[in-house]
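Structure first, then comments.
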Amino acid sequence: MNHWLAKSEPETYSWSQLVQDGQTAWTGVRNFQARINLRAMKVGDQVLFYHSGETKDIVGIAKVVKAAYPDPTAKEGDWVCVDLAAVKPLPNPVILATVKADKALKDMVLVNNSRLSVQPVTKAQFDHVLKLAAG
DNA sequence: GCCAACGTTGGC
DNA sequence: GCCAACGTTGGC
């Protein structure tokens, strides 16, 4: 199983929206690097849900419920999306400053390339974030 | 509100 | 095919 981090501005699509919807099509990704990651996603992979902008924190865990398929919102170009479902919120959201300050997470893509909207996360990083979130 | 980082576009 | 200019994103 692989682990990922998906980024969204709360104003655009928030974690609470995902919880309310149960699951959603993760559309609108128009970035080559992110597309590679989308295509590598398998059903059952776990995804950290990160809010950029106001709060800048990892707030919940989602999972892939449908692997990459053509993005219906793409007018042109070979873009894909996946379906994500909410799994559970983190007991304590992990803010970006905490991630940055933690040596175990210094290689996270979130730290080094925060603009990438779909990022790979190692199992060690994933587990560490969960540990931080547990308090 | 500013600026750094990154991606994309367009002229050559 | 290179690179400058520009637009966008996101952290501060």
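Here is how names work: the chains are called A, B, and so on, in the same order as the sequence lines, proteins then strands, and each is numbered from 1.
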Rounded to whole Å, CG of A/Asp57 lies from C1' of C/dC12 at a distance of 16 Å

Set out, in order, the CA-CA distance, both residues' side-chain angles and the distance that settles salt bridge (charged side-chain N to carboxylate O under 4.0 Å, His left out) for A/Asp127 and A/Lys131, then state yes or no. CA-CA 6 Å; A/Asp127 290 345; A/Lys131 211 165 75 180; over 6 Å; no

By side-chain contact (heavy atoms from CB on, under 4.5 Å) - contacts of A/Ala104 (at least two apart): A/Asp102, A/His128

Can you tell me how far P of C/dT9 sits from OH of A/Tyr50, to the nearest Å? 15 Å

Side-chain (A/Asn37) to main-chain (A/Val118) donor-acceptor, under 3.5 angstrom: yes

With a 3.5 Å distance limit and no angle check, can you tell me whether A/Asn31 reaches the backbone of A/Gln33 through a side-chain donor-acceptor pair? yes

Between A/Trp26 and A/Tyr13, what is the shortest heavy-atom contact and its length? CZ3-CD2, 3.9 Å

Give the minimum heavy-atom separation between A/Met108 and A/Val129, together with the two atoms involved. SD-CG2, 4.3 Å

The reported gap from CD in A/Gln125 to NE2 in A/His3 (rounded to nearest 0.5 angstrom) is 10.5 Å

Rounded to whole Å, please give me the gap between NE2 in A/His51 and P in C/dT9. 17 Å

Is the phosphate of C/dT9, meaning OP1 or OP2, less than 4.0 Å from a side-chain N or O of A/Lys56? no

Verdict with reasoning, A/Asp78 to A/Arg39, per salt bridge (charged side-chain N to carboxylate O under 4.0 Å, His left out): CA-CA 12 Å; A/Asp78 181 25; A/Arg39 285 204 166 123; 3.0 Å; yes

Taking five pairs at each end, how big is the angle between the two axes of the helix from B/dG1-C/dC12 to B/dC12-C/dG1, to 10°? 10°

With a 4.0 Å cut-off on heavy atoms, is A/Leu96 in touch with a base, just the backbone sugar-phosphate, or nothing at all? sugar-phosphate

What string of B, S and - do you get for nucleotides 2-7 of chain B 5' to 3' if you count protein non-hydrogen atoms under 4.0 Å? ---BB-

